[in-house]
Amino acid sequence: MDDSGTSPVAVKLRGNPEHPYSQGELCPKVNRFLDRVYAPDRVLHPLRRIGPKGSGRFEQISWDDALAEIGERLNAIVDEHGGEAIMPFSDAGNQSLLATQGISERFFHHLGATRLLRNICGPTVGAGVSMTNGTSLCADALDLEHSKLIILWATNTRLTNRHLWPTIERAQADGARVVVIDPLRTITAAAADEFIQPLPGTDIALMLAMMHVIIRDDLVDHEWVAAHTHGIDELTAQVADATPAWAEQQCGVAADVIERLATEYATVRPAAIRTLIGAEHHENGAMFYRTIACLPALIGSWRQRGGGLMRSVGTWQDQLVDEAAFTRPDLLEGRAVRTLNMSRLGEILLDEQPPVRAMIVWNSNPLVIVPNAERAREGMARDDLFTVVHEQFLTDTAQYADIVLPATTHIEASDVTPAWGHLWMGWNEAAIEPLGEAVSNSELFRRIAGAMGLTEPSLFDDDETVLRAALPTVDLDALRREGWWKVPFPASGTPYADGGFPTPSGKVEFASDRLEQLGQPRLPTFVPPREGPQGPDADRFPLQLLTPKHHARFLNSGYSHLPKHGGAEGGPFVELEPGDAAARGLADGDVAEVTNDRATLRLPVRVSDRLRPGVAAIPWGWWRHQHPDGRVANSLTNDTLTEWGGGVAYSDTLVEVRPAGD
Ligand SMILES: Nc1nc2c(c(=O)[nH]1)N[C@H]1C(S)=C(S)[C@@H](COP(=O)(O)OP(=O)(O)OC[C@H]3O[C@@H](n4cnc5c(=O)[nH]c(N)nc54)[C@H](O)[C@@H]3O)O[C@H]1N2
Ligand SMILES: Nc1nc2c(c(=O)[nH]1)N[C@H]1C(S)=C(S)[C@@H](COP(=O)(O)OP(=O)(O)OC[C@H]3O[C@@H](n4cnc5c(=O)[nH]c(N)nc54)[C@H](O)[C@@H]3O)O[C@H]1N2
Ligand SMILES: [Mo]
């Protein structure tokens, strides 16, 4: 408070140059963050819908009225149908600890609500890597500094993980070769020494052929393989026929390129593979990561710092979280509640029995981010569904809410920010008071619990108590004082140089009994996607559609509505390869219809050399009103789940593109 009695106003937001990872650089999403905080269209008060769902007509109400209505509606639903009729829906809008799980998990456990499987981003990578390594823990990407070969496989580092890019540039300047493997010629591919462009969903064939070459040419690290792996003979037999010529037929990468890549990978040290989540969004997404994890083992590249496999290393820090104390699964009191997969939101709301009758949404904009999004919209339009959305803005999803509640931004609520893609946990100290009547996510659930008349004491713990329970071994006072803290990671930088894999065999499992028990192939196996060029619908829908993160100023769906973010990017479009465009009579700037059995979108065409023939792309993250016809990229996408791991196959989507009629 200053003398005038008004709250402080944030005037500047900058990075801290001393931060070991960001070194003070803010990305284009966050360097205008204060425009977001003070945006004229921020939701700052509770709202009640007064028009039909989706109409966007709301009236401002008081918190008391909002909570009275929410408490009454939720209690009535619990009384009549039980706790399972209520479903949480949240994802990554704010990834801080309290914001994702503080109070909310306890609240839903206590209600015996339906559980939500949040496997849209990352868990499938973990589920795949774990089948090979017994853990999803990987090497530290900052050790790419020591690498001589860096394969960026299914990750658009310069766009999505730009704080890592200076490290890669340093390694490159120091003689490392950077190879990008992506079906799209991304800005990362443009900066690579070599770009390899497989068809979407076919990399496993490429990996099998690499292993074929490595074994055929005796480039295997026999000593390491003998000591730390299980099933090399079975793997050898499995890849015997996976020749580069065979793989070329599957993935569209020339056999001689595969030969050269395999040889280089097996002979240059340290050789690192860096991946994030781009390839998990396929029907064979878990197998991709199970298979990629075999590569470093075969050549013993875990031996060197700057070798092995690198993914989001947040999992090192997950080990510090005391889930039982933080999220209190004991509050379920033995009740068996159903778990539903967030990627099937449409099906859940339309078909699931007994029905979901209330949904509480925070940290997410499902109508833009889930696949098969028209089904989700139909579901959210249900008149008998009571929906509460806690948001900073009137998103597409909030427009379908009965009650919208105002959410704080990062600078209005203190929290612990987990490391994502690096090893530094952070403390985020609130800089200003919440604007308007906004509340943090943890406060939201304390208030809803109070409105329902719940008395379980742990639902009313304050934030500090919750954080101390969640991170019992972390010195929170020091974290708060210093601002960041590096989570424990082996000082050698080589967590698996001497093996120590927590699989049943204690070794890297080229052959996996556990996969067999799941009904999956025990060995790395390429199964082409059903919704792909070899599948039954390819005649009608001959183009594979990718809907990736594309705009540097966007963070998922969270920024496209802001003038300096979305406005500066122009608007959504469909990208086509010149031959595919010409064959359809389409030129740059024409309006096309992009269609499949799920939806049809009208979009301007951008003819582009980023794609190979047979592949189209629509940048993802735009809202419905920014698309010409109120549909979004995800209206088209595939909600088939991955073979295991609970992920979803956004990127196995077939479409046809044709000139738009009048
Ligand atoms: N600017 C910006 N940065 C972001 C985000 C954002 O929205 N905007 N989002 C953040 C989030 S939540 C995440 S999870 C990360 C994700 O970070 P990334 O995983 O790097 O990003 P994605 O765009 O999901 O996918 C990466 C690449 O995978 C490619 N890909 C798709 N299918 C295949 C395939 O079958 N094989 C291969 N080899 N490649 C394939 C896509 O073409 C894409 O270029 O980014 C984070 N950073
Ligand atoms: N087609 C396609 N679909 C995708 C992807 C893709 O690459 N292509 N990527 C997938 C991935 S990797 C991810 S992670 C998901 C992301 O899916 P989401 O997490 O749902 O998307 P975001 O846009 O990051 O965040 C959603 C909302 O959270 C709100 N928010 C931010 N901070 C807070 C807060 O503190 N409290 C509350 N209550 N709300 C807050 C924002 O205003 C925003 O509207 O999308 C997935 N969907
Ligand atoms: Mo994500």
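We're numbering straight along the sequence, starting at 1. Atoms within a ligand are numbered from 1 in the order they appear, just like the ligands themselves.
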Look only at interatomic distance and state if [X] has a nitrogen or oxygen under 3.5 Å from any nitrogen or oxygen of ligand 2.
{"X": "I369", "result": "yes"}
{"X": "T637", "result": "no"}
{"X": "P366", "result": "no"}

[atom]: nearest protein contact (heavy atom, Å):
{"atom": "atom 16 (C) of ligand 1", "result": "I277 CG1, 3.7 Å"}
{"atom": "atom 2 (C) of ligand 1", "result": "F554 O, 3.3 Å"}
{"atom": "atom 18 (P) of ligand 2", "result": "D91 OD2, 3.8 Å"}
{"atom": "atom 39 (N) of ligand 1", "result": "P183 CD, 3.1 Å"}
{"atom": "atom 26 (C) of ligand 2", "result": "S364 CA, 3.4 Å"}
{"atom": "atom 34 (C) of ligand 2", "result": "N363 OD1, 3.3 Å"}
{"atom": "atom 27 (C) of ligand 2", "result": "E391 OE2, 3.3 Å"}
{"atom": "atom 25 (O) of ligand 2", "result": "G93 CA, 3.3 Å"}
{"atom": "atom 8 (N) of ligand 2", "result": "T547 O, 2.7 Å"}
{"atom": "atom 32 (N) of ligand 1", "result": "H282 NE2, 2.9 Å"}
{"atom": "atom 9 (N) of ligand 1", "result": "N556 OD1, 3.1 Å"}
{"atom": "atom 15 (C) of ligand 1", "result": "W420 CH2, 3.6 Å"}
{"atom": "atom 31 (C) of ligand 1", "result": "G278 O, 3.5 Å"}
{"atom": "atom 6 (C) of ligand 2", "result": "W620 CE3, 3.5 Å"}
{"atom": "atom 46 (C) of ligand 2", "result": "Y650 OH, 3.3 Å"}

Taking [Y]'s backbone N and O only, do any of them form a donor-acceptor pair with [X]'s side chain (distance below 3.5 Å, no angle check)?
{"X": "E569", "Y": "G566", "value": "no"}
{"X": "R446", "Y": "N441", "value": "no"}
{"X": "E194", "Y": "V178", "value": "no"}
{"X": "T642", "Y": "G285", "value": "no"}
{"X": "N363", "Y": "N94", "value": "yes"}
{"X": "H281", "Y": "I120", "value": "yes"}
{"X": "Q95", "Y": "T100", "value": "no"}
{"X": "D639", "Y": "N372", "value": "no"}

What part of [X], side chain, backbone, both or neither, has a heavy atom within less than 4.0 angstrom of ligand 1?
{"X": "T186", "answer": "side chain"}
{"X": "D203", "answer": "side chain"}
{"X": "K29", "answer": "side chain"}
{"X": "F288", "answer": "neither"}

Which ligand 2 atoms, with their elements, are less than 4.0 angstrom from a heavy-atom of [X]?
{"X": "A407", "result": "36 (N), 37 (C), 38 (N)"}
{"X": "C121", "result": "12 (S), 14 (S)"}
{"X": "N365", "result": "20 (O), 26 (C)"}
{"X": "T395", "result": "44 (O)"}
{"X": "G558", "result": "23 (O)"}
{"X": "N634", "result": "1 (N), 2 (C), 3 (N)"}

Ignoring angles and geometry beyond distance, decide whether [X] reaches within less than 3.5 Å of ligand 1 through its nitrogen or oxygen atoms.
{"X": "L159", "result": "yes"}
{"X": "T155", "result": "yes"}
{"X": "S651", "result": "no"}
{"X": "N156", "result": "yes"}

**OP:** With heavy atoms only and a cut-off of under 4.0 Å, state how T408 meets ligand 2: side chain, backbone, both or neither.
**Re:** backbone

**OP:** Could you check whether the rings of H561 and W623 sit parallel, tilted or perpendicular, using 30° and 60° as the cut-offs?
**Re:** parallel

Original post:
Would you call the rings of W362 and F108 parallel, tilted or perpendicular if under 30° counts as parallel and over 60° as perpendicular?
Top reply: parallel

Do we get [X] above [Y]'s six-membered ring, with its NZ or CZ under 6.0 Å from the centre and within 45° of the axis?
{"X": "R447", "Y": "W63", "value": "yes"}
{"X": "R606", "Y": "F573", "value": "yes"}
{"X": "R36", "Y": "Y559", "value": "yes"}

**OP:** For the residue pair H410 and S96, establish whether any side-chain heavy-atom pair is separated by less than 4.5 Å.
**Re:** yes

**OP:** For G201, counting its heavy atoms only, list the atoms of ligand 1 lying under 4.0 Å from any of them.
**Re:** 34 (C), 35 (O)

**OP:** Assess whether side-chain hydrogen bond (donor to acceptor under 3.5 Å, both in side chains) is satisfied between Q399 and R624, documenting all intermediate values.
**Re:** CA-CA 11 Å; Q399 311 248 350; R624 288 170 182 268; over 6 Å; no

Subject >> Sub-4.0 Å heavy-atom contact, R36 with ligand 2 >> reply: yes

Could you tell me whether ligand 1 has any atom less than 4.0 Å away from a heavy atom of [X]?
{"X": "A552", "result": "yes"}
{"X": "L555", "result": "yes"}
{"X": "H551", "result": "yes"}

Nearest candidate to [atom], where distance is taken over non-hydrogen atoms, out of [options]:
{"atom": "atom 43 (C) of ligand 1", "options": "T160, D182, L546", "result": "D182"}
{"atom": "atom 11 (C) of ligand 2", "options": "K549, H550, R42", "result": "K549"}
{"atom": "atom 38 (N) of ligand 2", "options": "E412, H390, H410", "result": "H390"}

Original post:
Do R162 and T157 have side-chain atoms, one donor and one acceptor, less than 3.5 Å apart?
Top reply: no

